[in-house]
Amino acid sequence: MSTAKARVLEDGQGRRAAFEDIQVGQSLGEMEWEITDDLIDLQCQLDQDFDPLYFPQSGATTRVAPPSMTYRPPRWLFSRTYNVRGLFVRWENETFREIAPNTTIRVTGSIVDKYVQKDREFVVYQAEGRDSAGNLVFRSRRTHVLDFVERTAPRAGAGIDSGIKPERI
Amino acid sequence: MSIITKDVKLGFELPAVSKKFRIEDFRRGDEKTIHTDHEAAAKEGLPAPVAVGPQVAALIFRQMRLCFGAGWIVGGRFDLTFRKPVFVTDFCVARGIVTKTEREGEKLRVHCDVRVENQERGIVITGRASAVVPIVDTLPPRS
């Protein structure tokens, strides 16, 4: 059970998206995502994974990024369209090609479902990333619950955190 | 280098990967978020700041990378459900077991049931993950 008696109505980035606002089928747009060595360093730091695959030693093959690096760009697309703080509840993902530094991936996404379960509101979106030749690099599908507080609680007051954040790893 | 090969047996237990989280693991500049600030978490109805989900799931990703190497980097799949919040000072351990193998072209896809448990052995993440291993030995024949 949650401790607050209300669901957050707004935060510093504006009004929170309501369940009724979410349009199934809506495009989340697209973005060009540049992969840099610094981003890979940061992702490995977050994951606490410093395998030589990600930090090749002298004479080794080229560097690759951990597949987990694909988490944030689809979330940024989602946040550009809807201000949803909520919590992440399901993550499906497949990686088809290596993600290498000094490449650009075009990421697109859309809303694919929304539903109510256990007195909470959920939204499902999907995204994919393609390299400059159009090859599929990753595909992902995520589910977020809009609020930790049950949907029967009214929306009121301002939150401190927001679903809209600086687009950085 | 990877631990799992085409000869893996069903029921093989993946090596556990664990971490004791700290609130500092989730700080990004001076942002006040549900991951770093008690008041921000309370506003959302949370009893305490919660860990960033993907950083907890990363325990499973490290486990899969350790077991499959390049076969996780390209060809890795997962479907994870975050069942309950992880708080920012929790201890978590990723565990997994091989459940199925199937041929996929010149490779063998190895399916695993995976989970992350907290310090009370409560399951906070559960799901499936798979990766591929070569079927054909890549070592040159002995002369």
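On a predicted model such as this, the values are computed, not experimentally measured, just so you know. Naming: A, B, ... by sequence-line order, numbering from 1 per chain.
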I need the residue from V137(A), V64(A), D49(A), L87(A) with the largest number of non-hydrogen atom pairs under 4.5 Å to chain B. D49(A)
Tell me whether the count of non-hydrogen atoms from other residues, nucleotides or ligands lying under 6.0 Å of CD in E32(A) goes above 12. yes
Does E106(B), at its CD atom, have more than 12 non-hydrogen atoms belonging to other residues, nucleotides or ligands within less than 6.0 Å?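 Counting other residues, nucleotides and ligands, CD of E106(B) stays at 12 neighbours or fewer.
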Is a salt bridge present between [X] and [Y], judged by a nitrogen-to-oxygen distance below 4.0 Å?
{"X": "K43(B)", "Y": "D11(A)", "value": "no"}
{"X": "R90(A)", "Y": "D79(B)", "value": "yes"}
{"X": "R16(A)", "Y": "E121(A)", "value": "no"}

Could you tell me which portion of [X] (side chain, backbone, both or neither) has an atom closer than 4.5 angstrom to a non-hydrogen atom of chain B?
{"X": "Q45(A)", "result": "neither"}
{"X": "R142(A)", "result": "neither"}
{"X": "R141(A)", "result": "neither"}
{"X": "R139(A)", "result": "neither"}
{"X": "L46(A)", "result": "both"}

Distance under 6.0 Å and angle within 45° of ring axis: R62(B) vs F50(A):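 The answer is no; the distance or angle limit is not met.
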For each of [options], tally heavy-atom pairs with chain A at distances under 4.5 Å, and name the one with the top tally.
{"options": "I125(B), T81(B), I73(B)", "value": "I73(B)"}
{"options": "G29(B), G53(B), A40(B), P54(B)", "value": "P54(B)"}
{"options": "E39(B), R28(B), K32(B)", "value": "R28(B)"}
{"options": "D25(B), V17(B), T36(B), I34(B)", "value": "I34(B)"}

Relative to each other, are the rings of H144(A) and Y125(A) parallel, tilted or perpendicular (30° and 60° limits)?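 Ring orientation of H144(A) relative to Y125(A): parallel.
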Classify the ring geometry between F122(A) and Y115(A) as parallel (under 30°), tilted (30 to 60°) or perpendicular (over 60°). parallel
If one checks every heavy atom of K19(B) against chain A at 4.5 Å, the contacting part turns out to be side chain
Let me know if E31(B) has heavy atoms under 4.5 Å from chain A in its side chain, its backbone, both or neither.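 Only the side chain of E31(B) comes within 4.5 Å of chain A.
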With a strict 4.5 Å heavy-atom criterion, list every residue of residues 96-109 of chain A that contacts chain B, or say none. F96(A), R97(A), E98(A)
Whichever hydrophobic residues join V93(B) through chains of side-chain contacts under 4.5 Å: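 V93(B) shares its hydrophobic cluster with F91(B).
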Please report the interatomic distance CG(D30(B)) to CG(D37(B)), rounded to the nearest 0.5 Å. 11.0 Å
Please confirm whether the backbone N or O of E92(A) pairs with a side-chain atom of S140(A), one donor and one acceptor, at under 3.5 Å?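 At least one qualifying donor-acceptor pair exists.
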Does the side chain of Q43(A) come under 3.5 Å of the side chain of Y54(A) through a donor N or O and an acceptor N or O? no
